[in-house]
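Inspection log for the structure reproduced underneath, given as structure tokens.
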Protein chains: 2
Amino acid sequence: MEITDNDELLSIRAAELYYDENKTQDEVGAILKLTRWKVGRLLASAKDKGFIRIEIVHPRARRLSLERAIKERFSLADAIVVPTAGTRGQDDLRARAAQGAADYLASLRPVPRTLGISWGRTLHDVAEHLAEGWATGVNVVQINGGVSVNQRAGTAAATAFEIARKASGQATLLPSPAILERLETKQSIESDRTVAGVLTMAANASAYLYSAGVAGADSALVESGYLTSGDVDELVRRGAVGDVVGRYIDAAGMIVDPSLDERTVGMSLDALRSAETSIAVIAGEGKHAVARAVVTSGLCTVLVTDEGTALDLLDTNFPA
Amino acid sequence: MEITDNDELLSIRAAELYYDENKTQDEVGAILKLTRWKVGRLLASAKDKGFIRIEIVHPRARRLSLERAIKERFSLADAIVVPTAGTRGQDDLRARAAQGAADYLASLRPVPRTLGISWGRTLHDVAEHLAEGWATGVNVVQINGGVSVNQRAGTAAATAFEIARKASGQATLLPSPAILERLETKQSIESDRTVAGVLTMAANASAYLYSAGVAGADSALVESGYLTSGDVDELVRRGAVGDVVGRYIDAAGMIVDPSLDERTVGMSLDALRSAETSIAVIAGEGKHAVARAVVTSGLCTVLVTDEGTALDLLDTNFPA
DNA sequence: GCCCTTTTTGCTCATATGAGCAGAGCGCCG
DNA sequence: CGGCGCTCTGCTCATATGAGCAAAAAGGGC
């Protein structure tokens with residue numbers, strides 16, 4: 001019933017019978033009039049020519065091979081890559097990354113005594129995806145100034161509280177605006193005992209968890225009123241690709257506007273760079289550039305991202 | 001490094017290690033601290049919950065399970081279903097179906113002495129995909145009136161010649177328009193010795209190969225000038241879903257306009273229905289309705305189609 | 001709390017698969 | 001035409017996997 005000319009086609013027929021019809025190699029051999037060894041060889045060749053694709057379709061699946069590649073390429077301590085397969089849109093994808101980050105955080109050993117976190121939509125998602133009792137006695141401290149200008153004021157605080165509560169720990173907020181208008185105000189608020197105390201605690205945290213924003217008009221810092229969209233446009237013009245803990249960086253991971261940076265309250269990027277464990281959660285189509293800036297400039301030791309971003313990171317001819 | 005709460009998640013982790021990292025079940029067990037039997041069971045459960053998807057990515061791959069289902073549901077002698085995976089657009093998909101039809105034709109046993117064919121884009125594609133020497137001594141005969149009005153005049157003839165040449169056989173054309181204006185003309189042309197001879201040969205062919213068109217303004221019969229798009233609109237209004245060998249049928253496979261049908265030269269649908277072997281090649285998004293009409297009304301014994309159409313055919317609650 | 005039912009676990013054993021090797025077939029060159 | 005090296009085939013044997021079963025554990029009603 002089947003005239004199969006060449007080996008490639010034969011290996012496809014064999015694969016159909018073996019994988020789709022789950023017959024044994026022996027049975028396949030009987031049908032195609034081949035010895036079972038030949039069938040085995042055909043199957044092997046189909047596999048390494050890439051004709052057989054095995055995909056794990058699950059919201060919490062991961063791409064271990066990509067993780068390994070990313071880890072090596074950018075010398076990270078760890079990488080979590082969630083698959084795109086079967087996602088319905090960017091929201092879904094970000095939810096997966098958040099879940100991945102939550103899982104990673106829960107599995108982190110040693111369990112951090114103090115966890116420094118930033119705030120934003122991504123962090124909020126991570127907090128939501130953490131399981132109750134993901135750890136015990138973890139104190140959470142904010143590492144950059146919170147939102148305070150508009151109705152989203154509570155979000156940053158809520159994120160910190162939720163993460164802490166689910167680990168039966170304390171949350172410590174950083175009671176300060178994210179960016180101040182004048183350098184003097186920033187300096188004096190930093191010298192305030194309360195604020196200074198929180199900053200010290202933040203500086204000594206055993207692990208950090210943060211996300212990154214895209215430099216654009218829809219940035220959280222614009223939405224919260226710290227910057228105008230004009231300010232952001234100007235930053236972009238000067239090379240900004242996104243922000244990390246409220247600080248705008250360019251593709252090389254350098255501060256774009258030092259004077260703006262000086263007025264920004266929270267951990268410095270250098271402090272973050274010297275941290276033992278810092279987990280960056282950066283996923284979604286738009287964030288490829290920031291993600292690259294973060295990993296190439298050593299801002300994180302662990303990256304949680306999606307397959308698309310991971311592939312983009314590996315794609316280009318950066319020799320590390 | 002990994003706290004995995006429930007079994008589902010565990011089975012996903014196991015699958016990642018087993019399939020993506022190709023470790024043995026034993027090794028996976030060691031990593032996840034499970035016995036290898038547990039791993040085996042987790043893997044099995046992941047498989048039948050559908051988390052593991054194995055796909056054969058190849059232009060000439062087929063979907064045997066769908067073929068079996070279609071074959072049973074519509075009591076066909078055979079069904080060929082080509083996969084959608086990895087196609088870039090409808091053209092690609094139609095090319096695959098054409099290849100599938102060509103392969104099937106070549107593998108047909110007993111080799112038909114005379115093969116009756118229709119004409120059109122699909123048939124042309126099939127002819128192109130046939131391998132040189134796909135058979136020997138097969139005579140090809142047209143079963144419905146050819147195009148003759150415009151520049152595509154040569155296509156129908158070329159298709160027949162190509163199929164015949166590649167099988168070192170003779171091609172016999174049906175030297176008549178597809179549709180005539182007056183019934184009398186049709187009757188007299190049919191009684192012409194040459195035409196009658198061809199029709200007899202067609203009626204006695206050992207196998208038939210044809211496609212179906214969608215009832216719409218872009219139909220080949222409109223393009224060839226036999227019908228106006230207004231005519232087709234009217235046919236659609238009266239329930240036409242498409243045409244088979246130049247004859248318009250409704251969803252039940254019945255002739256939509258008997259008087260038009262009487263003026264159409266070529267094999268009748270009833271003659272086609274009583275054929276031992278008739279292969280219909282019907283693939284593409286737009287052809288679901290015609291495909292359904294063809295298979296439910298017993299017009300073909302073998303259907304060559306694509307995954308999408310096959311799923312659509314199986315989808316609805318038609319009890320055969 | 002106790003006993004019965006149901007599920008899960010760890011196992012033995014049969015089967016399926018892959019690695020590696022010896023011999024056959026084939027082309028290529030002198 | 002014969003020798004040489006190459007690839008491909010069929011095999012043996014070690015390993016990986018799945019079926020089936022008995023024991024253990026978990027749940028559930030009284």
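All values below come from the heavy atoms of this structure, side chains included, with hydrogens, waters and symmetry mates left out. Sequence lines set the chain letters: A, B, ... in the order given, protein chains first and strands last, and positions in each chain run from 1. Please read these numbers as outputs of a predicted model, since none were measured by experiment.
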Under a 4.0 Å heavy-atom cutoff, the residues of residues 42-54 of chain B touching DNA chain C are none
What residues form a side chain to side chain contact (heavy atoms under 4.5 Å, CB included) with A:R165, not counting sequence neighbours?
A:E132, A:E162
List every contact pair, protein side and nucleotides 11-14 of chain D side both N or O, where the distance is under 3.5 Å.
from   : atom 1 : to    : atom 2 : distance (Å)
D:dT12 : O4     : A:W37 : NE1    : 3.3

All side-chain hydrogen bond (donor to acceptor under 3.5 Å, both in side chains) counterparts of A:D125, not counting sequence neighbours:
none
Listed by chain and number, what are the salt bridge (Lys or Arg N to Asp or Glu O under 4.0 Å) partners of A:R41, not counting sequence neighbours?
none
Return the set of residues passing salt bridge (Lys or Arg N to Asp or Glu O under 4.0 Å) with B:K38 (not counting sequence neighbours), or none when no residue passes.
B:D7
With a 4.5 Å cut-off on side-chain heavy atoms, are B:L130 and B:K166 touching?
yes
Below 4.5 Å, heavy atoms only, C-beta onward: do B:E67 and B:L64 meet side chain to side chain?
yes
Between residues 19-29 of chain B and DNA chain C, which residues have a heavy-atom gap below 4.0 Å?
none
Inter-end axis angle, the helix from C:dG1-D:dC30 to C:dG30-D:dC1, with every axis fitted to five base pairs (rounded, 10 degrees)
30°
Residues that B:A95 engages under side chain to side chain contact (heavy atoms under 4.5 Å, CB included), provided they are two or more places apart:
B:H129
Is the shortest distance from a Lys or Arg side-chain nitrogen in B:D312 or B:R292 to a carboxylate oxygen in the other one below 4.0 Å?
yes
What is the distance from CG of B:L34 to P of C:dC11, rounded to the nearest Å?
13 Å
Can you confirm whether A:V111 sits close enough to A:V138 that some side-chain heavy atom of one is under 4.5 Å from a side-chain heavy atom of the other?
yes
Tell me every residue that passes ring-ring contact (aromatic ring centres under 6.0 Å, His included) with A:F51, counting only those two or more places apart in sequence or in another chain.
B:H58
Those residues that, when tested against A:E21, pass salt bridge (Lys or Arg N to Asp or Glu O under 4.0 Å) (two or more places apart):
B:R68
Sequence neighbours excluded, every pair satisfying side-chain hydrogen bond (donor to acceptor under 3.5 Å, both in side chains) that has a member inside residues 86-97 of chain A
A:D91-A:R94
Does A:Y18 make a side-chain N or O approach to OP1 or OP2 of C:dA16 shorter than 4.0 Å?
no
The reported gap from CZ in A:F161 to OG1 in A:T172 (rounded to nearest 0.5 angstrom) is 8.5 Å
